[in-house]
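Reading through the structure tokens given below for one structure.
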Amino acid sequence: MRVSHDPLTFEKHIIMLLKGMRRNKKITQSELANRIGVSRDTIARIESGKARIYMAQVVAIAKALDIVLQDLVSVTCLLYTSPSPRDRG
């Protein structure tokens, strides 16, 4: 098993998953912002990669979207630990 050399960082994968889940649940950036007590601009900057996302924000967003944080992190970790076809030999 090896760590992926994907140019996307762990943080960007988390953001992409959260954004996708928000959209799938048909929740607007404004609605999500209201649920977690931040501005819509903050959500927009996080989702666009213009602002960092902190663990407390990940937890708040996951809770607001009714996502189990462990599941979110597990999916992201799989992207980084999946075996490469080159490793098979």
Side-chain angles (χ1 to χ4, degrees):
M1 184 166 29
R2 71 177 179 80
V3 175
S4 171
H5 294 290
D6 189 329
L8 292 178
T9 64
F10 183 81
E11 178 182 16
K12 288 180 183 177
H13 280 289
I14 292 286
I15 291 168
M16 287 174 48
L17 287 170
L18 289 172
K19 181 178 180 178
M21 290 176 185
R22 176 186 63 76
R23 286 180 169 175
N24 285 341
K25 293 177 183 261
K26 297 182 179 9
I27 297 171
T28 66
Q29 289 179 339
S30 295
E31 289 172 313
L32 179 58
N34 287 335
R35 290 182 186 189
I36 68 168
V38 299
S39 69
R40 189 211 57 85
D41 187 56
T42 297
I43 299 298
R45 287 185 296 115
I46 288 171
E47 287 186 353
S48 68
K50 293 179 181 173
R52 300 290 309 263
I53 189 168
Y54 298 99
M55 193 61 193
Q57 291 170 317
V58 172
V59 170
I61 292 170
K63 185 175 180 180
L65 296 176
D66 198 27
I67 299 166
V68 177
L69 187 60
Q70 181 179 352
D71 293 344
L72 178 69
V73 173
S74 295
V75 167
T76 304
C77 286
L78 283 174
L79 295 171
Y80 281 86
T81 59
S82 297
S84 167
R86 295 181 301 222
D87 292 341
R88 294 190 188 132

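For the single chain, residues carry numbers from 1 onward in sequence order.
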Non-neighbouring partners of D41 that pass side chain to side chain donor-acceptor pair (under 3.5 Å), sequence neighbours left out:
R45

Side chain to side chain contact (heavy atoms under 4.5 Å, CB included) partners for I15, two or more places apart
E11, I46, I53

To the nearest 0.5 Å, what is the distance between CE on M55 and CD1 on I14?
7.5 Å

Side chain to side chain contact (heavy atoms under 4.5 Å, CB included) with V38: which residues, sequence neighbours excluded?
A33, I36, T42, I43

CG (N24) and CG (L17) are apart, to the nearest 0.5 Å, by 10.5 Å

Please identify each residue that fulfils side chain to side chain donor-acceptor pair (under 3.5 Å) with Q29, with sequence neighbours left out.
R40, E47

Can you name the side chain to side chain donor-acceptor pair (under 3.5 Å) partners of S30, sequence neighbours left out?
none

Please report the closest heavy-atom contact between R22 and I27, naming both atoms and the distance.
NH1-O, 2.8 Å

Same cluster (ILVMFWY, side-chain, under 4.5 Å), Y54 and V58:
no

Could you tell me whether K63 atom NZ has more than 12 heavy atoms of other residues or ligands within 6.0 Å of it?
no

Hydrophobic cluster membership, with links at side-chain heavy-atom distances under 4.5 Å among I/L/V/M/F/W/Y: are I67 and F10 in one?
yes

Would you find a donor on one side and an acceptor on the other, under 3.5 Å apart, between the side chain of K25 and the backbone of L65?
yes

Report whether M21 and V68 are members of the same hydrophobic cluster (ILVMFWY, side-chain heavy atoms less than 4.5 Å apart, transitive linking).
no

